[in-house]
Amino acid sequence: MKARIVVLGGSFGGLASAYELRRHLDPGRCEITLISKEPRFTFIPSLPWLALGTRTLSQISFDLSPALARRGIAFVNETAISIDPERQIVVTDNKEHPYDYLVIATGHRSANEAVPGLGPFDGPGHSLMSPPEASEMRDALAKFLDSPGPVVVGSAPGASCIGPSYEFVFELDHLLRGRRLRHQVPITFVTPEPFLGHMGMGGVGKLRQFLEGEFEERDIGYRTSAAVSKIAEDAVELEGSKPIPSTLSMVIPPLAGISAVANSKGLSNPKGFIVVDSHYRHLTYENIYAVGVAVALPPADATAVPVNFPKTGHMTEQMATIAAGDIVARLNGGKAETHELSARCVLDLGDRGVYLAVNPVRPPRDKLPAVSEGRQWLWTKRAFERTYLLSAKRGRRMPTTFGW
Ligand SMILES: Cc1cc2nc3c(=O)[nH]c(=O)nc-3n(C[C@H](O)[C@H](O)[C@H](O)COP(=O)(O)OP(=O)(O)OC[C@H]3O[C@@H](n4cnc5c(N)ncnc54)[C@H](O)[C@@H]3O)c2cc1C
């Protein structure tokens with residue numbers, strides 16, 4: 001009988017796992033099914049560009065079904081409701097899917113409820129963690145440009161995905177200067193990080209000094225160790241200090257695991273994230289793996305206001321390679337490899353980019369982090385987006401030596 005592998009999630013973690021598994025496992029011996037609630041793959045790192053109106057959703061996404069079919073992977077467009085690890089089934093809104101091996105790559109749920117007023121659909125605050133949220137931000141920004149005022153950008157206590165808040169504040173500054181509106185818009189950046197550029201990983205070399213200089217040069221005010229407590233129509237409130245006036249705000253929320261995982265008994269920690277071993281295998285259920293944002297990773301250090309460990313796309317791809325390699329070794333024989341995660345990414349500053357590389361992500365490190373800025377990095381980031389989308393659509397993976 002063929003081994004049945006179910007991959008849950010159709011983003012970086014799910015797609016990379018499915019492609020990697022298929023590369024090594026013969027279709028005659030193993031069937032692979034990818035289940036995702038969204039019919040399309042979206043290049044999430046481009047959401048700030050969607051929010052700023054420089055990309056449309058169709059430019060940064062593609063249909064999963066034909067891409068997966070090219071590699072002989074079945075696609076099921078359904079929403080998982082729960083997972084029963086004892087019976088080895090994924091229960092969706094349509095039926096039960098049995099599995100021999102399960103890879104969970106379901107990403108996050110934005111815990112917007114952690115900050116009263118952080119809508120984005122039922123409050124004045126905006127975010128950009130998903131295509132609907134980024135589209136809502138784009139529409140709010142279009143209205144704001146007709147009647148500009150003070151802006152607050154940043155992250156809430158417990159956030160782990162800090163990078164996009166830096167990208168958005170610099171991109172917005174650049175956009176406003178281009179439209180000769182910047183003089184009407186005081187901008188304040190708020191972050192739970194103890195210093196700029198901590199990024200949830202205890203700092204990235206000289207990034208702190210670079211960002212401090214950049215904020216000062218661009219006249220962007222900033223508050224570190226800031227705990228956003230409420231977003232009102234005309235201000236962002238912080239614990240222990242005066243509200244900051246704002247007519248537009250973008251605040252990255254803390255993340256939690258999706259409800260199907262969080263509500264399935266014995267699968268996750270109280271936040272809904274899955275604790276795994278060094279091969280991304282569940283600690284109790286050895287035929288369940290988790291990769292990407294769904295994985296529980298402890299914070300790098302203790303900070304006055306909580307900041308969680310980052311889980312980037314590049315890290316997600318590495319986790320998928322390791323998890324898939326483990327399943328392949330169990331089915332085909334051989335030794336499974338693992339390694340500590342590294343991270344490479346480029347932050348868009350609007351007029352140029354800054355390249356960051358850390359190996360390993362979690363300090364302490366033998367190797368100094370790399371921090372390099374210039375226009376070439378912005379072009380690299382744009383080229384990477386294009387190349388990734390083209391490759392993934394054709395059923396191919398980018399090597400994990402690249403980062404974005
Ligand atoms: C705004 C933003 C900018 C970013 N920029 C960068 C960057 O520049 N560089 C970088 O390296 N990383 C970046 N990241 C992080 C990167 O996007 C994530 O690490 C990556 O998306 C994680 O992939 P994932 O597969 O774990 O989860 P996700 O991308 O969150 O995908 C989850 C998948 O699971 C599916 N799913 C969810 N619930 C269910 C369900 N119940 N049933 C079925 N399917 C379900 C979803 O449809 C989706 O396909 C950014 C993140 C954000 C939000």
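Counting starts at 1 for both ligands and their atoms, following the listed order.
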Specify side chain, backbone, both or neither for Leu128, according to which of its non-hydrogen atoms lie closer than 4.0 Å to ligand 1. both
Would Arg281 and Glu286 count as a salt bridge (charged side-chain N to carboxylate O under 4.0 Å, His left out) if you check the C-alpha gap in whole Å, the side-chain angles of each, and the deciding distance to 0.1 Å? CA-CA 6 Å; Arg281 210 194 278 198; Glu286 58 166 29; 3.7 Å; yes
Counting each atom of ligand 1 from 1 as listed, which ones have a heavy atom of Ser36 under 4.0 Å away? 35 (C), 43 (C), 44 (N), 47 (O), 49 (O)
Show me which atoms of ligand 1 lie under 4.0 Å from any heavy atom of His314. 11 (O)
List every atom of ligand 1 that sits less than 4.0 Å from any heavy atom of Gly292, numbering the atoms from 1 in the order shown and giving each element. 26 (O)
Applying a heavy-atom cut-off of 4.0 Å, say which part of Cys161 lies close to ligand 1: side chain, backbone, both or neither. side chain
Options Ser82, Gly257, Gly13, ranked by nearest heavy atom to atom 25 (O) of ligand 1, top entry: Gly13
How does Ile258 reach ligand 1, by side chain, by backbone, by both or by neither, if only non-hydrogen atoms under 4.0 Å count? side chain
Will you find, in the side chains of Trp377 and Asp348, an N or O donor that is under 3.5 Å from an N or O acceptor? no
Where does the angle between the aromatic ring planes of Tyr222 and Phe215 fall among parallel (under 30°), tilted (30 to 60°) and perpendicular (over 60°)? perpendicular
If you take the nearest heavy atom of each of Ile44, Val293, Ile35, which one is closest to atom 22 (C) of ligand 1? Val293
Ligand 1 atoms in contact with Thr316 (distance to a heavy atom under 4.0 Å): 19 (O), 22 (C), 23 (O), 26 (O)
Given Glu38, Arg109, Lys37, which one has a non-hydrogen atom that is nearest to atom 39 (C) of ligand 1? Lys37
Should the proximity of Pro45 to ligand 1, defined as any heavy atom under 4.0 Å, be assigned to the side chain, the backbone, both, or neither? both
Check each atom of ligand 1 against the heavy atoms of Glu78 and keep those under 4.0 Å away; list them by number with element. 43 (C)
Quick check on contacts: which atoms of ligand 1 are under 4.0 angstrom from a heavy atom of Gly10? 33 (C), 48 (C), 49 (O)
Do the two ring centres, one from Phe62 and one from Phe43, sit under 6.0 Å apart? no
What orientation do His198 and Phe195 show, parallel under 30°, tilted 30 to 60°, or perpendicular over 60°? perpendicular
In ligand 1, which numbered atoms sit nearer than 4.0 Å to a non-hydrogen atom of Thr79? 41 (N), 42 (N)
Those atoms of ligand 1 less than 4.0 Å from some heavy atom in Ala105: 25 (O), 32 (C), 33 (C), 34 (O)
Under-4.0 Å heavy-atom contact with ligand 1, by part of Lys381 that carries it: side chain
Looking only at distances, can you tell me whether any N or O atom of Glu167, backbone or side chain, sits closer than 3.5 Å to an N or O atom of ligand 1? no
